[in-house]
Amino acid sequence: MSQAEREPIRVPIRKDTDLTAVRQHVRALAQRTGFGLVQQTKLVTAASELARNTLLHGGGGAAEISVVHGSTGPGLSVSFVDSGPGIPDVELALSDGYSTAGGLGMGLSGSKRLVQEFAIESVPDGGTRVTVISWADPYSARQGLR
Amino acid sequence: MTSPSTIPVLDLGGLLLVSIQGELPDESAIALQEDVTAAVANTGSRGLIIDISTLDVVDSFLARVLAEVAASSRLLAARTVLVGMRPSVAITLVELGLTLPGMDTARTVTEAAASFGVTIEQADRTGRGTP
Ligand SMILES: Nc1ncnc2c1ncn2[C@@H]1O[C@H](COP(=O)(O)OP(=O)(O)OP(=O)(O)O)[C@@H](O)[C@H]1O
Ligand SMILES: [Mg+2]
């Protein structure tokens, strides 16, 4: 893999058309990393949800996309970073249907179900970083045990 | 006020057909909602068919726009049928927690039209009509 691919790709999230760019970058990199169609679609959808949160709730920021390697092979790590108000109660924000913005409140909780790893770091008034990891082939290890 | 969407709304013998193409920025999705609802009112159509077969991702924002188009069309006495969702999109939406309960679905535009008693002669664009 080239050095360029190991550096995270940084996509700014400042306006709603940037969400399209985030989806396209995540999809392109997922394809190159060997993701199947369903796995790809789940990650792109999660990225779309989280990038929209960065824009709407975090006041804008960026997505950082990088290729990672784990026990089941390669995957993608995508972080959504903003310096907005933060999430005061992460557990509450992660419950289905919770929204402070009149939304469906499925973005955070739903995204978590679409990926294999999910972490939120948030400081009141210090911004939010949501990191997700999805593996190209999350079942390869399990299949190996058959 | 939003600028008009670039997505054509076709009149198909008393039914409206909207084919959403490719990447849809949020603003266009909202414009689409306004255009389609206006078209339902202006034409007095009883049915609205939304073809999403070209979409490779539907997130909660777009799902909500689709659900709201269906809800406002229903208030205008038109039924909405969603057509051509890709399997990968269906799996993802269910896992996301969005099953679009208020919307009818069909495999193809032909099948959707048939549910309104409208027959479409040629095989539909998705190429998945009955052979
Ligand atoms: N980056 C962020 N910065 C600050 N608050 C956030 C951020 N992301 C999410 N939140 C908070 O978590 C809540 C839940 O987010 P979630 O994406 O689940 O729902 P939503 O964005 O309100 O609605 P939906 O995504 O369904 O349209 C938000 O309403 C908001 O209060
Ligand atoms: Mg959200």
Side-chain angles (χ1 to χ4, degrees), chain A residues 13-28 30-31 35-57 60 63 80 94-99 101-116 118 132 134 138, chain B residues 1-7 20-35 51-72 80 82 84-103 105 126 128:
Chain A
I13 304 171
R14 298 265 162 235
K15 50 190 186 309
D16 84 17
T17 48
D18 292 340
L19 304 180
T20 307
V22 170
R23 288 192 288 263
Q24 283 169 349
H25 275 100
V26 171
R27 185 174 294 277
Q31 277 168 353
F35 279 60
L37 183 58
V38 171
Q39 232 356 49
Q40 225 181 85
T41 305
K42 288 182 181 182
L43 179 60
V44 173
T45 305
S48 188
E49 296 296 334
L50 297 171
R52 185 172 285 103
N53 282 353
T54 298
L55 180 67
L56 298 182
H57 307 305
F80 301 85
L94 267 170
S95 47
D96 272 353
Y98 178 81
S99 171
L104 295 173
M106 299 304 283
L108 273 184
S109 52
S111 302
K112 189 176 178 189
R113 289 190 285 269
L114 293 174
V115 297
Q116 280 75 58
F118 185 97
V132 301
S134 185
Chain B
M1 190 182 278
T2 44
S3 52
S5 72
T6 49
I7 300 152
I20 299 179
Q21 305 287 341
E23 275 284 345
L24 198 61
D26 292 1
E27 206 192 307
S28 317
I30 293 166
L32 173 80
Q33 182 174 1
E34 293 177 5
D35 289 3
D51 182 357
I52 58 164
S53 57
T54 68
L55 293 186
D56 55 21
V57 57
V58 174
D59 65 6
S60 70
F61 178 84
L62 186 54
R64 186 176 170 189
V65 168
L66 295 174
E68 286 179 359
V69 168
S72 46
T80 301
L82 196 62
M85 184 182 291
R86 296 185 182 187
S88 51
V89 171
I91 291 169
T92 300
L93 274 182
V94 169
E95 205 151 312
L96 194 58
L98 300 170
T99 51
L100 297 173
M103 294 183 81
T105 55
T126 60
R128 275 179 273 140

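Here is how names work: the chains are called A, B, and so on, in the same order as the sequence lines, proteins then strands, and each is numbered from 1. All values below were derived from every heavy atom in this structure, side-chain atoms included, with hydrogens, water molecules and symmetry-related copies excluded.
Only the backbone of B/L24 comes within contact range of chain A, with at least one heavy atom under 4.5 Å from a heavy atom of that chain.
In this structure the side chain of B/V57 reaches within 4.5 angstrom of the side chain of A/R27, judged on heavy atoms. Annotation: side chain of B/D26 is in contact with side chain of A/L19 (closest heavy-atom distance under 4.5 Å).
Chain A forms the most heavy-atom pairs under 4.5 Å with one residue out of B/S60, B/G97, B/P25, and that residue is B/S60. Chain A forms the most heavy-atom pairs under 4.5 Å with one residue out of B/L98, B/V89, B/D59, and that residue is B/D59.
Closest heavy-atom contact between A/E49 and B/F61: OE2-N, 4.3 Å.
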Working for side-chain contact (heavy atoms from CB on, under 4.5 Å), residues B/L96 and A/T45: CA-CA 9 Å; B/L96 194 58; A/T45 305; 3.9 Å; yes

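Looking only at distances, no side-chain donor or acceptor of A/R113 sits under 3.5 Å from a matching main-chain atom of B/V94.
By a heavy-atom distance cut of under 4.5 Å, A/L37, A/V38, A/T41, A/K42, A/V44 are the residues of residues 35-44 of chain A near chain B, going up by number.
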